[in-house]
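The chains referred to below are lettered A, B, ... by the order of the sequence lines, with proteins before strands, and numbering in each begins at 1.
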There are 2 protein chains.
Amino acid sequence: MPLADMSSLSPTARVILGLLRFAPRTGYGIKQATDRSTRFFWGASYGQIYPELRRLEAAGLVESHEEPRGKVPRRVYRLTDAGRHKFESWLSEPDDQYEVRDEGLLRLFFGEAMPREHLEELVRRRREWYQGAAALFRGIGEAIGPIEAEDPSGHVLRYGIELMEWNADWWERLERELS
Amino acid sequence: MPLADMSSLSPTARVILGLLRFAPRTGYGIKQATDRSTRFFWGASYGQIYPELRRLEAAGLVESHEEPRGKVPRRVYRLTDAGRHKFESWLSEPDDQYEVRDEGLLRLFFGEAMPREHLEELVRRRREWYQGAAALFRGIGEAIGPIEAEDPSGHVLRYGIELMEWNADWWERLERELS
DNA sequence: TAGGCCATGTAAAAAGTTACATGATTTT
DNA sequence: AAAATCATGTAACTTTTTACATGGCCTA
């Protein structure tokens with residue numbers, strides 16, 4: 001029985017539904033999974049996850065049952081058929097607009113006027129971040145991975161790895177140019 | 001006289017201040033400038049720009065004067081010294097976290113399960129978007145550019161062009177693989 | 001036994017989007 | 001004469017962040 005207005009899914013709702021497709025999880029588990037996977041293009045905080053799970057349940061897109069560990073209350077959520085269907089119809093929608101928000105790039109865009117040492121620092125950090133991201137993406141490809149990636153040769157994963165590597169390279173080159 | 005709490009700048013405030021560094025502008029002009037430049041990593045809507053300009057003025061970071069065109073009221077904003085200083089100290093802050101939000105990637109991340117024809121469509125659109133973005137960035141490099149780019153050989157612009165080209169290539173390759 | 005991890009949540013604030021409303025000026 | 005562009009704004013809503021609060025379980 002859909003009670004809440006879920007005619008359109010918020011990005012966070014989509015992350016949640018998408019992760020639950022692979023396995024049932026607790027709110028906490030969803031947070032861990034996003035931190036290890038989607039955080040590179042869409043993060044989520046507890047302040048969104050828990051309320052969103054309740055909204056999704058009210059709309060009949062997920063269902064939950066209690067599964068305590070000793071005295072620790074614990075609620076495991078899983079996708080309903082309606083939820084799976086809703087998610088898949090979102091996937092099928094045309095998406096015309098790719099909106100990207102990248103505060104680091106914003107800073108760099110205006111940063112040409114920065115003192116040299118700050119610029120070098122910024123470039124170094126950015127390079128390190130991309131190296132970490134590349135390593136993480138490669139790790140997902142090798143291990144079972146937090147998202148239980150069905151197909152380790154999947155396009156997206158490859159895109160992720162290659163994009164992060166390209167970036168790590170680019171920033172490393174700039175770093176060398178500057179020094 | 002700073003009246004509003006501007007101890008920390010919102011991203012939109014930073015875009016505004018950053019653009020005003022090059023030239024005084026109206027709210028409308030700021031919107032045009034973002035649409036042609038920062039929109040690829042940070043967009044802004046009128047609903048943010050006009051109220052933010054008033055907050056910035058209340059805080060003494062920008063100042064404005066009326067400059068009507070005929071009967072059309074028109075208010076031109078420019079940076080104050082305090083605003084310039086504030087912006088430059090933001091540039092100098094260390095930034096540890098690069099948070100990126102990319103809804104298109106989110107979709108693709110989960111999209112492996114998509115019906116083939118939807119996937120192809122998505123890939124095609126994405127390729128086209130990147131080709132457009134690459135063209136636009138190259139255009140900025142050639143023309144004076146809406147942001148009055150001081151140095152057309154600047155790192156960021158080069159980064160933008162090369163990133164968009166890399167992406168256009170990547171998605172084109174995937175498109176061919178799929179067909 | 002202490003520190004880290006698992007686990008759930010809320011309240012307030014901040015940030016951003018969307019839809020609406022209005023009208024002059026400039027270009028085709 | 002029509003269409004595009006310049007120009008300013010608001011109200012309601014949605015989305016996200018941040019800071020707080022609590023406490024059991026596991027392992028070194």
What nucleotide among [options] has an atom nearest to a side-chain atom of [X]?
X     : options                : answer
B/R54 : C/dG9, D/dT16, D/dG9   : D/dG9
B/Y28 : D/dA7, D/dT17, C/dC6   : D/dA7
B/P11 : C/dT25, C/dA15, D/dC25 : C/dA15
A/S45 : D/dC25, D/dT18, D/dT16 : D/dT18
B/V72 : D/dA7, D/dT16, C/dG16  : D/dA7

To the nearest Å, how far apart are [X] [atom1] and [N] [atom2]?
X      : N      : atom1 : atom2 : value
B/W42  : C/dT17 : CH2   : C1'   : 14 Å
A/Y46  : C/dT8  : OH    : P     : 9 Å
A/R75  : C/dT8  : CZ    : P     : 9 Å
B/Q48  : D/dA11 : CD    : P     : 17 Å
A/K31  : D/dT16 : NZ    : C1'   : 12 Å
A/L53  : C/dT8  : CG    : C1'   : 11 Å
A/R101 : D/dT17 : CZ    : P     : 12 Å
A/I30  : C/dG9  : CD1   : C1'   : 14 Å

Taking salt bridge (charged side-chain N to carboxylate O under 4.0 Å, His left out) as the definition, give me every residue that meets it alongside A/E121, ordered by chain and number, with sequence neighbours left out.
A/R124, A/R125

Beyond-backbone contact of B/S37 with A/F109, side-chain heavy atoms, under 4.5 angstrom:
yes

Is there a side-chain contact between A/P73 and A/E66 in this structure, where contact means two heavy atoms from C-beta onward sitting under 4.5 Å apart?
no

Centroid separation under 6.0 Å, is that true for the rings of B/W171 and A/Y159?
yes

Knowing that exactly one of B/R39, B/Q32, B/K31 qualifies, which makes a side chain to side chain donor-acceptor pair (under 3.5 Å) with B/D35?
B/K31

How far does the helix from C/dT1-D/dA28 to C/dT28-D/dA1 bend, going by the axes of its first and last five pairs, to the nearest 10°?
50°

May I have the step-by-step check of side chain to side chain contact (heavy atoms under 4.5 Å, CB included) for A/R74 and A/Y28, ending in yes or no?
CA-CA 9 Å; A/R74 203 160 156 276; A/Y28 182 85; over 6 Å; no

Do A/W170 and B/E162 have side-chain atoms, one donor and one acceptor, less than 3.5 Å apart?
yes

Contact nearer the 5' end of DNA chain D, comparing A/G47 with B/G29
B/G29

Do the side-chain N or O atoms of [X] get closer than 4.0 angstrom to the phosphate oxygens (OP1, OP2) of [N]?
X     : N      : value
A/T12 : D/dT16 : yes
B/T26 : D/dT8  : yes
B/R69 : C/dT25 : no

